[in-house]
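See below for the structure under consideration.
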2 protein chains.
Amino acid sequence: MFSKATEYALRATIYIAQKSSVDNKLSLTEIAQAIDSPPSFTAKILQLLTKENCVIHSVRGPNGGFYITEKNKLLPLKKILEAVNENDLFEKCILGLKKCSETNPCPLHFQYKPVKQELIHLFQTNTILELSEKADSESMFINNKL
Amino acid sequence: MFSKATEYALRATIYIAQKSSVDNKLSLTEIAQAIDSPPSFTAKILQLLTKENCVIHSVRGPNGGFYITEKNKLLPLKKILEAVNENDLFEKCILGLKKCSETNPCPLHFQYKPVKQELIHLFQTNTILELSEKADSESMFINNKL
DNA sequence: ATAATTAAGGACAAAAATACCTTTAATTAG
DNA sequence: CTAATTAAAGGTATTTTTGTCCTTAATTAT
C-alpha cells in the first residue's frame, strides 16, 4: 500500500507523539529502534517531517532530538502523507489511467470511489494525537521486532 | 497503490477480454499500444498471466498472439493479482507492522479493516468479463494516451 | 523444406526506492 | 572556550522495480 518511507513516517510520528515533549526529546537512535526502521533512512524522513510541513520539531546538540508540540498533535494524519509526498496516492486511478475521471471513468472507477473516499476520510479525520493514544491505551506497540 | 506491473496486468487483461477470441488473437504490439505500456515489459507480465494462473492464453507464430477463453472471463480480478504476486497487498498492515493482528492491532487496524475488506471484496466479486463489458458499454477507454 | 511471424526466455540497462556513511552545523555542558 | 552530542546535509551504495534487447522456439503460410 504505502512506501517504506511513508510507513516509517507514520510510525515515527506516532511514536514521537507517544513519548516526546519539549523537555523530553527523542534521539534518532531511539526512534529508529522503537519503530524498527533503518536509522539513516529514518533520518531523511524525519527531516521531511520537520521541514515540509513542520509536523515535528528538532533540536541539535546534547539533549537534542525530535519532539512534537501539543498543537501539532491535533494535525490529521494527512499532514504526514503530505510531508512525504504521498498525499495524492488515494486520488489516483486504481488502474493507473491518467485520464480517468467522473466523465471518463475506468471500469473500476465507481466501485473504487467509495473505498477511496473512506481512505481519504480516514487520514483526514484521524489526528496524530488520537492514533498515539490508541497506541497507548490498547497497548498497540509500534515496535516491529520479532 | 498498485505497482506498474499490476496496473499493466489489469489493463492488458481487460483489453484482451474486450477484443480477443480464439480466432482473433491480439499481438503484444497491439496490446501494449492500446493500454499505453512498454511492450517488452508488458511481454514479461503477459507471460506471468499465461503461466502462473493461466488467466490468458498465448499462441506463437503467424496469427498468433494472446486471447482469453469465455470460461476464464468469469475469473475474478483477484486471479490477475495472484498471477503478478500482488495478491497479499490488501492483507498487509497499513503501517507495515509484521505483527499487526486482531489481538495485537496497530492504531489504525480496526478503522482500516472495513476498507480493506471492501477492497478484497471488490477484487473477489468483479470478474474479468464484467470489467471488460463496462469498458465497452460506458466507453471507458483503457487507452492512456494524451 | 523454407521463410516469415510471433511469443518465450534470458541477459542486460536504467531508474527509483531504500539504506548507509561521512562531514558539517548547531547546541549544550563543563 | 573546548569538548561532546545530536540533527542536517550531501554523497555513495545497494536493492528493487521498471524497461530493453537479443536469441530461441513454436507455428503458419508458401
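A, B, ... follow the sequence lines: proteins, then strands. Residue 1 opens every chain.
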For residues 73-81 of chain A, dump all side-chain donor-acceptor pairs below 3.5 Å to protein atoms at least two apart in sequence or in another chain.
{"residue": "A:Lys73", "atom": "NZ", "partner": "A:Ala17", "partner atom": "O", "Å": "3.2"}
{"residue": "A:Lys73", "atom": "NZ", "partner": "A:Glu70", "partner atom": "OE2", "Å": "3.2"}
{"residue": "A:Lys78", "atom": "NZ", "partner": "A:Glu82", "partner atom": "OE2", "Å": "2.9"}

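Evaluation of the salt bridge (charged side-chain N to carboxylate O under 4.0 Å, His left out) test over residues 104-125 of chain B, restricted to residues two or more places apart or in two chains, returns B:Glu102-B:Lys113. The side chain to side chain donor-acceptor pair (under 3.5 Å) analysis of residues 83-96 of chain A, with sequence neighbours excluded, yields the pairs A:Ser3-A:Glu86, A:Thr6-A:Glu86. The ring pair (Phe, Tyr, Trp, His ring centres under 6.0 Å) pairs that include a residue from residues 30-51 of chain A are A:Tyr8-A:Phe41, where partners are two or more places apart or lie in different chains. Identified under the salt bridge (charged side-chain N to carboxylate O under 4.0 Å, His left out) test for residues 15-30 of chain A, with sequence neighbours left out: none.
Listed by chain and number, the residues in a side chain to side chain donor-acceptor pair (under 3.5 Å) with B:Ser20 amount to none (sequence neighbours excluded). With sequence neighbours excluded, no residue forms a ring-ring contact (aromatic ring centres under 6.0 Å, His included) with A:Phe66. Take A:Phe123 and apply the ring-ring contact (aromatic ring centres under 6.0 Å, His included) test, not counting sequence neighbours, and it matches A:Phe2, A:Phe90. B:Ser40 pairs by the side chain to side chain donor-acceptor pair (under 3.5 Å) definition with nothing, not counting sequence neighbours.
The nearest whole Å value for the distance from the CG atom in A:Leu28 to the C1' atom in C:dT27 is 17 Å. Nucleotide C:dA8 holds its C1' atom 16 Å from the NE2 atom of B:His57, rounded to whole Å. The nearest whole Å value for the distance from the CD atom in B:Glu30 to the P atom in C:dA7 is 10 Å. Protein atom CG of A:Asn85 is 15 Å distant from nucleotide atom P of C:dA16, rounded to whole Å. Per the geometry, CG belonging to A:Asp23 stands 13 Å off P belonging to C:dT28, to the nearest Å.
Residue-to-nucleotide proximity on DNA chain D shows that, of A:Lys51 and A:Pro62, the 5′-proximal contact is made by A:Pro62.
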Pairs: protein N or O with nucleotides 12-15 of chain C N or O, under 3.5 Å:
none

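B:Ile31 comes within contact range of no nucleotide atom at all, as no heavy-atom separation falls under 4.0 Å. Using a 4.0 Å heavy-atom criterion, one finds that A:Ile45 contacts no nucleic acid atom at all. Across all strands, A:Thr50 comes closer than 4.0 Å only to sugar-phosphate atoms, never to a base (heavy-atom distances).
Side chains of A:Thr42 and A:Ser37: a donor-acceptor N/O pair is present below 3.5 angstrom, by distance only.
Ion pairing of B:Asp36 with B:Arg11 is absent here, as no side-chain N (NZ or NE/NH1/NH2) approaches a carboxylate O to less than 4.0 Å.
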Inset, instruction - Using a 4.0 Å cut-off on protein heavy atoms (strictly under), produce a 5'-to-3' string for nucleotides 18-24 of chain C with B for base contact, S for backbone-only sugar-phosphate contact, and - for none. - result: BBBB---
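Taking the 5' to 3' direction, DNA chain D first and last meets chain A under 4.0 angstrom from a heavy atom at D:dA4 to D:dG11.
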